[in-house]
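Counting from 1, the numbers follow the sequence of the chain as shown.
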Amino acid sequence: MAIYKNITSATTTTLIAKNSSRGGSVRKVLISNNHNTNFVTIELFLDDDSATYTILKTIIPPLVTLTLNDETLSFNIKTYGLKITTSN
């Protein structure tokens, strides 16, 4: 099942909530910077409410899409939530 999020400002967004029925297996993550001129810094991470564990932290240029296609991103949904932080 696909999850789509449109993030338009610097914020932290929960992609898969801890204890959700979604499950903790991710096949692909696409992150697009649709802005014409601004770079965006993203951090994709797991959060257990007391600590965070970074999966990826990078800068995405304007009008570029980053694809994570590992098919091995699995985590315990009862322990962790998957989140993304964006900033510019």
Side-chain angles (χ1 to χ4, degrees):
M1 179 171 103
I3 299 172
Y4 299 95
K5 301 282 184 175
N6 185 24
I7 303 168
T8 59
S9 62
T11 188
T12 297
T13 302
T14 299
L15 302 175
I16 301 175
K18 181 177 169 182
N19 290 317
S20 73
S21 61
R22 165 66 177 81
S25 181
V26 179
R27 290 187 183 178
K28 184 187 292 188
V29 177
L30 279 85
I31 305 168
S32 298
N33 180 0
N34 296 324
H35 200 278
N36 290 328
T37 57
N38 291 345
F39 286 70
V40 64
T41 300
I42 62 103
E43 182 177 6
L44 185 68
F45 60 96
L46 296 174
D47 183 6
D48 70 1
D49 296 328
S50 63
T52 61
Y53 305 92
T54 301
I55 297 167
L56 171 74
K57 185 171 184 176
T58 192
I59 298 171
I60 303 175
L63 302 174
V64 170
T65 298
L66 171 67
T67 302
L68 303 175
N69 189 18
D70 192 350
E71 295 192 29
T72 60
L73 176 58
S74 296
F75 57 95
N76 185 337
I77 198 70
K78 296 192 182 297
T79 305
Y80 303 103
L82 181 64
K83 298 183 179 185
I84 188 169
T85 296
T86 58
S87 60
N88 56 359

Set out, in order, the CA-CA distance, both residues' side-chain angles and the distance that settles side chain to side chain contact (heavy atoms under 4.5 Å, CB included) for Lys28 and Thr67, then state yes or no.
CA-CA 7 Å; Lys28 184 187 292 188; Thr67 302; 4.0 Å; yes
If you group Ile, Leu, Val, Met, Phe, Trp and Tyr by side-chain heavy-atom gaps below 4.5 Å, do [X] and [Y] land in one group?
| X | Y | answer |
| --- | --- | --- |
| Leu66 | Leu82 | yes |
| Ile60 | Leu56 | yes |
| Ile31 | Leu73 | yes |

Interatomic distance, [X] atom [atom1] to [Y] atom [atom2] [nearest 0.5 angstrom]:
| X | Y | atom1 | atom2 | value |
| --- | --- | --- | --- | --- |
| Ile55 | Lys83 | CD1 | NZ | 12.5 Å |
| Leu63 | Asn38 | CG | CG | 10.5 Å |
| Asn34 | Thr8 | CG | OG1 | 11.0 Å |
| Ile77 | Asn19 | CD1 | CG | 7.5 Å |

Looking at every non-hydrogen atom in both residues, tell me the closest pair between [X] and [Y] and how far apart they are.
| X | Y | result |
| --- | --- | --- |
| Ile16 | Ser20 | CG2-OG, 3.6 Å |
| Tyr80 | Phe75 | O-CE1, 3.7 Å |
| Asn36 | Pro62 | O-CB, 3.5 Å |

Flag, side chain of [X] to backbone of [Y], donor-acceptor distance under 3.5 Å:
| X | Y | value |
| --- | --- | --- |
| Asn33 | Val64 | no |
| Asn88 | Ala10 | no |
| Thr11 | Thr86 | no |

Scan Val26, Leu30, Leu44 and name whichever one has a side-chain contact (heavy atoms from CB on, under 4.5 Å) with Leu68.
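Per the side-chain contact (heavy atoms from CB on, under 4.5 Å) rule, the option paired with Leu68 is Leu44, out of Val26, Leu30, Leu44.
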Residue from Ile84, Thr14, Leu15 passing side-chain contact (heavy atoms from CB on, under 4.5 Å) with Lys5:
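When side-chain contact (heavy atoms from CB on, under 4.5 Å) is applied between Lys5 and each of Ile84, Thr14, Leu15, only Leu15 qualifies.
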Is Asp49 close to Lys18 at the side-chain level, that is, under 4.5 Å between some pair of heavy atoms?
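Yes - at least one pair of side-chain heavy atoms lies under 4.5 Å apart.
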